[in-house]
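First comes the structure, then the notes that go with it.
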Amino acid sequence: MREVKLKIDGKEVIATEGMTILEAARKAGFEIPTLCYHDGLSAHGGCRLCVVEVKGSPRLLTSCTTPVTNGMEVSINTDRVKEARKFVMNLIMTERNHFCMFCEKSGRYEETDCELQKRAYEVQIEHFPFPVYVNKYPIDTTSPVMVMDHNRCILCGRCVRVCSEVVANSTLDFSFRGSKALIASDTGLNRGESSCISCGACMQVCPAGALFSKFGGYKGKKSLCEKIETFCPICGVGCETTNYVRYNNIVEIEGSGLAKGNLDGGQLCEKGRYGPLMETRNRISLPLLRDSRGRFVESSYQEAINKSIQLLKAYSPDKIVFRVSSFLPAEDLAYIKGFALKLGVKDIDTFDGEIYRNLISFDYPKANYEDILNSDLIILVGGDIVKEHGVVGSYIRRAVRNKGAELIIISPAESKMDRFSKEVRRVAEGSEGSVVKEYEEKIRKASNPVIILEGAYLLKNREAIESWLKFAEASKVKTLPLPPTGNSLAAWKLGISSKSNENTESGKLLFLILGDIDSSYSPASLAELGFEAIILHGAYIDPMMKLADVVLPGKSWLENEGTYKLISGEVKKFTPILRAEKDAKSPRELLSELADALRLGKIDIDSLITSL
Amino acid sequence: MVKLSKEKLDKVETILDRFPKGQSSLIGALHAIQLEIGYLPEEVQKLVAEKLEIPESTVYGVVTFYNFFRKEPVGKYIITACQGTACHVRGAGSVIEAFEKTLGIKVGHTTPDGKFTLDIARCFGACGLAPVVMVNNDIYGRMSPKKVEEVIAKYRD
């Protein structure tokens, strides 16, 4: 990279060749206002707010698209520039409905969520100097997660660029032109009926009030919220998030890597951005005990603990069974394991332990995200990656759209990934493995093939994945089985799932630790195994509660600090976003009370955590 | 939505086979298809996107950007009223209104019987005859709202 010397407002600035004036100026500490420009996206040069004067050029130039040259003399704040910016802002503000006082994002200068309003404050627009355009544009509320109000749109194209450049879904583009121009989804469809995957990236980058969340809307400005930087542990991809919290409620979740150059481009998926806001299950808020007539009665926390101790003492360790969610911080998982060992319980497993035992017997080369991005043939087997591991889905789309990779989908159900595939093979659920033979030759011929196995239902079915994994092993094809929960990998590494549950038949007391998961994950057949008693610890009211004798309120993942092992292999510490209610404990808090009462001694987890 | 016949869709596919994949083929392909089947309905746009391997939104963006491309079928007769400066000054507006009223459709649309499409254009270069109207390739100069019914009648057969 060659050095380029230029002058900005008389100050000598050193930049590198290929930089724009805007980049060089910001790097040197100058501020140039922008609207359509966004750090994580390509430059558009549409809003004209970033214009600067360049000596020798008769007209003003957009700093976001003009490359620096040697000896360039740039003035970023002359009267001419200021006047042009104000003029541009006036035009933008007059074109559609920008009556800020009636907008969801509006606020005082210090607290507005709207970049457009902020820029308007900065150039001191106090009234509309031009006649206000009163054309009405559609308002699209068909998306399940956001509202698109075209009346507030300034056509900056940030949403269009993020949709194609980062998410690689390309649902959005400009349509029509001039005053009739509209951001369109696909062939002019309503957003809710389009190929939109509800990832919300467009909403996050919208600088005006045109795109806003159906959940965060009208809950208050982000500037009034507590801001918590952490990551989303739901699926194991571990996207970095900024969480806006007010009165212990999440107002909005944003991806925080958009301008950081992260591989994921700072996007989130629907589950990550809206999942916690869409939660409809009710919490277990009080300890419950079953009375002599079989009804649940509220109890004090201590009573519930006492009853649990009584049950744990009543059964010999070989009659006790632990079944645990793998979507818990590693500290909890390690503590549960330590607790069970000290108690002498051998039958302990996670709900996805079966998957671990299915995968462990094969020695195939592991694929990583870079392998997907550089692949020329991607075989996607199983469930809906858009819903389950949405951001990994974007890597597949990028490979297809930008590198011309071929995508073959082998799945029992339709998904929004299908349109990127030339070959979608519908198979009956469970017979995904029956078609391997037909693709073997094609995969062998490809230079960088990758096989992706998606979905807990698929990975639990040994028959369905066996032939794929055997083939991957024999032909050395890189393969990525996507773990079902955000900490499956830690649970497996800690050895919680390594025991086969041969004792379950003789189990009499079942200790269920659910965390956030629901009965769709848990073995309903447990009820049929004839347990005499069940202790249940979990965050949400769930049909499984019907079986329990003691119900103890648990923390949800949002409230529970701890360590997660991501699909990338990275080990990350999660900072809790919300405060838990008094009686809601993490599994390690609950078990340490039980361990004290049972005199089990100190349960050391530190070495296990560092071994992750 | 009116479904295109299989025959027509096959024609579209044959045309698309001539074009290399990618966005650079888009305008040429759309042009060729419209020439063949007259318009570019949603299902054709989708097919173009699929065959050229580009997003549907890109195809739709281009189709809606250019006045030339049509999303609706055109009638047997395309009535194009000039709205250039000279025609405008000499009352093109009221002529267009009269066409809309007589045909019962708005500019840019086609009568339900598929006979007439009403369109506007900017200057035919026949300003001496303003206001001018073209029906397919026939030119009608010095138009007035009164003459509208007379012109339409010639094509009503």
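Everything numeric in this text was worked out from a predicted model, so none of it was measured. Below, chain A is the first sequence line, B the second, and so on; all start at residue 1.
Nearest heavy-atom pair, Ser57(B) versus Ser170(A), reported as atom, atom and distance to 0.1 Å: OG-O, 2.8 Å. In plain terms, the two heavy atoms of Glu53(B) and Arg401(A) that are nearest each other are O-NE, 4.1 Å. Here the shortest heavy-atom pairing between Asp173(A) and Thr58(B) reads OD2-CA, 3.3 Å.
Using a cutoff of 4.0 Å between basic side-chain nitrogens and carboxylate oxygens, Glu56(B) and Arg419(A) are not scored as salt-bridged.
By the neighbour-count criterion of 12 heavy atoms within 6.0 Å, atom CD of Glu438(A) is densely surrounded, having more than that number from other residues, nucleotides or ligands. Counting non-hydrogen atoms of other residues, nucleotides and ligands closer than 6.0 Å to NZ of Lys214(A) gives a total above 12. Within a 6.0 Å radius of CD in Gln83(B), more than 12 heavy atoms belonging to other residues, nucleotides or ligands are found. No more than 12 heavy atoms of other residues, nucleotides or ligands lie within 6.0 Å of NE2 in His88(B), so this atom counts as exposed by the packing criterion. Other residues, nucleotides and ligands contribute over 12 non-hydrogen atoms within 6.0 Å of the NZ atom of Lys147(B). The environment of Glu13(B) atom CD is dense: over 12 non-hydrogen atoms of other residues, nucleotides or ligands sit within 6.0 angstrom. The number of heavy-atom neighbours closer than 6.0 Å to CD of Glu414(A), taken from other residues, nucleotides and ligands shown, is 12 or below.
Residue contact with chain B, scored on non-hydrogen atoms closer than 4.5 Å, involves the side chain of Leu189(A) exclusively. Residue contact with chain B, scored on non-hydrogen atoms closer than 4.5 Å, involves the backbone and the side chain of Thr187(A) alike. For Lys180(A), no part lies near chain B; criterion is any non-hydrogen pair under 4.5 Å.
The backbone N or O of Phe176(A) lies less than 3.5 Å from a partner atom in the side chain of Thr64(B), making a donor-acceptor pair.
With rounding to the nearest 0.5 angstrom, the CG atom of Asp186(A) is 10.5 Å from the OH atom of Tyr60(B).
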